[in-house]
Amino acid sequence: MSNKFYGVYVALLTPFDEEGNIDERKMRNHIDFLISKGINGLYICGSTGEGILMNVSERKMVAEIVKDQVKERVKIIAHIGGSLNTKNAIQLARHAEKLKLDAISSIPPFYYSYNFEEIYNYYKELSKSTTLPFFVYYIPATTGVSLLNEQMAKLSTIPNIVGLKYTASDLYFLQDLLRRVNSKWIAFSGYDEMFLPALTMGVAGAIGSTQNVLPEMFVQIYNNFTQGKIKEAIEVQKRLNLAISILYKYGYLISCKTALKFRGLDLGYCRPPLKKELSLEEETKLSDEWKKYFPDYYNS
Ligand code: MN9
């Protein structure tokens, strides 16, 4: 496995059983399915993985299962943020290092209106707690934390911070940021809808939720782009975006889990307060639409 971080990373869904417990067997099956499709890495316990709905020991358990199942076939980045406070995040960072995962990542602290000094200190404390490479996870739409480009660039001076997962729509902001940090940062595109445009603006790959459902399409976009086959890449991105618009209709994460059912995989339930499962009516509508537009990803 190469030392570099690039390509298609899956923000891994976490399967729960009906009572809300992590379902280890389903998780292991899903990991093997994704690896068989040619992905480059897994990003665990992020927004998609319902990480902020889990406690520290559950997040450690997910990391252990994933590490054991992956067996060095692809890289693993552990999201350690949203775990309530810096002390918890440090525990998760140390655990990731002990397990020899490849990197850690974190959203900025949120809920209280933290000033930049507090945000900076959060990243600095975490960075001091580990020698692992560290990716900032920037997702202002859900955290409510927006940073200026000069503030983001300041984060790049913290040792270990090697890049970011950028889930925002302003790709010029991203390109400008990469210029400010002299392209030292490895950037991953977070909005699946914009993987191809983000590649043209300098990202090394993508990390997102739809990769769980349609890993093949992300691999195709990435390979086409790197081989200069732009027209082909545009066609796949268009088709992917149709799938995303369908998945958005009934709640994103539970729809991703349900669409995987159509592909023959069982990802269980989501954890409340997220909607646990689709109603029968919703599932039927989703299934009909999926079958109509994506017959090649139905029962296969
Ligand atoms: O950054 C994901 N964002 C969230 C990762 O989960 C909030 C994305 O993969 C989106 O789910 C995806 C659909 O909008 O782009």
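Model, not experiment: these values are computed from the prediction. We count ligands from 1, going down the list as the structure has it; atoms in each ligand are counted the same way.
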Problem set entry | Exercise: identify the closest heavy-atom pair between Leu260 and Asn212 |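 Distance-wise, the nearest heavy atoms are CD2-O, 3.4 Å.
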Problem set entry | More than 12 heavy atoms of other groups within 6.0 Å of Glu117 CD |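 Count not over threshold, so no.
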Problem set entry | Residues in side chain to side chain donor-acceptor pair (under 3.5 Å) contact with Glu64, at least two apart in sequence or another chain |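 By the side chain to side chain donor-acceptor pair (under 3.5 Å) rule, Glu64 matches His95.
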Problem set entry | Matching residue for Glu50 among Ile22, Val62, Leu253 - test: side chain to side chain contact (heavy atoms under 4.5 Å, CB included) |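 So, applying the side chain to side chain contact (heavy atoms under 4.5 Å, CB included) to Glu50 and each of Ile22, Val62, Leu253, only Leu253 qualifies.
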For this session: Can you tell me which residues line ligand 1 if we count any heavy atom under 4.0 angstrom from one of its atoms, in chain and number order?
Result: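 The 4.0 Å shell around ligand 1 contains Ser47, Thr48, Tyr137, Ile139, Lys165, Thr167, Gly190, Tyr191, Asp192, Glu193, Gly208, Ser209, Tyr248, Tyr252.
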Exercise. Are Phe188 and Tyr6 close enough that their ring centres sit under 6.0 Å apart?
Worked result: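 Between Tyr6 and Phe188, which both carry aromatic rings, the centre distance is not below 6.0 Å.
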Problem set entry | Under 3.5 Å side-chain donor-acceptor pair for Thr210 and Tyr252 |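 Present: a donor and an acceptor within the cut-off.
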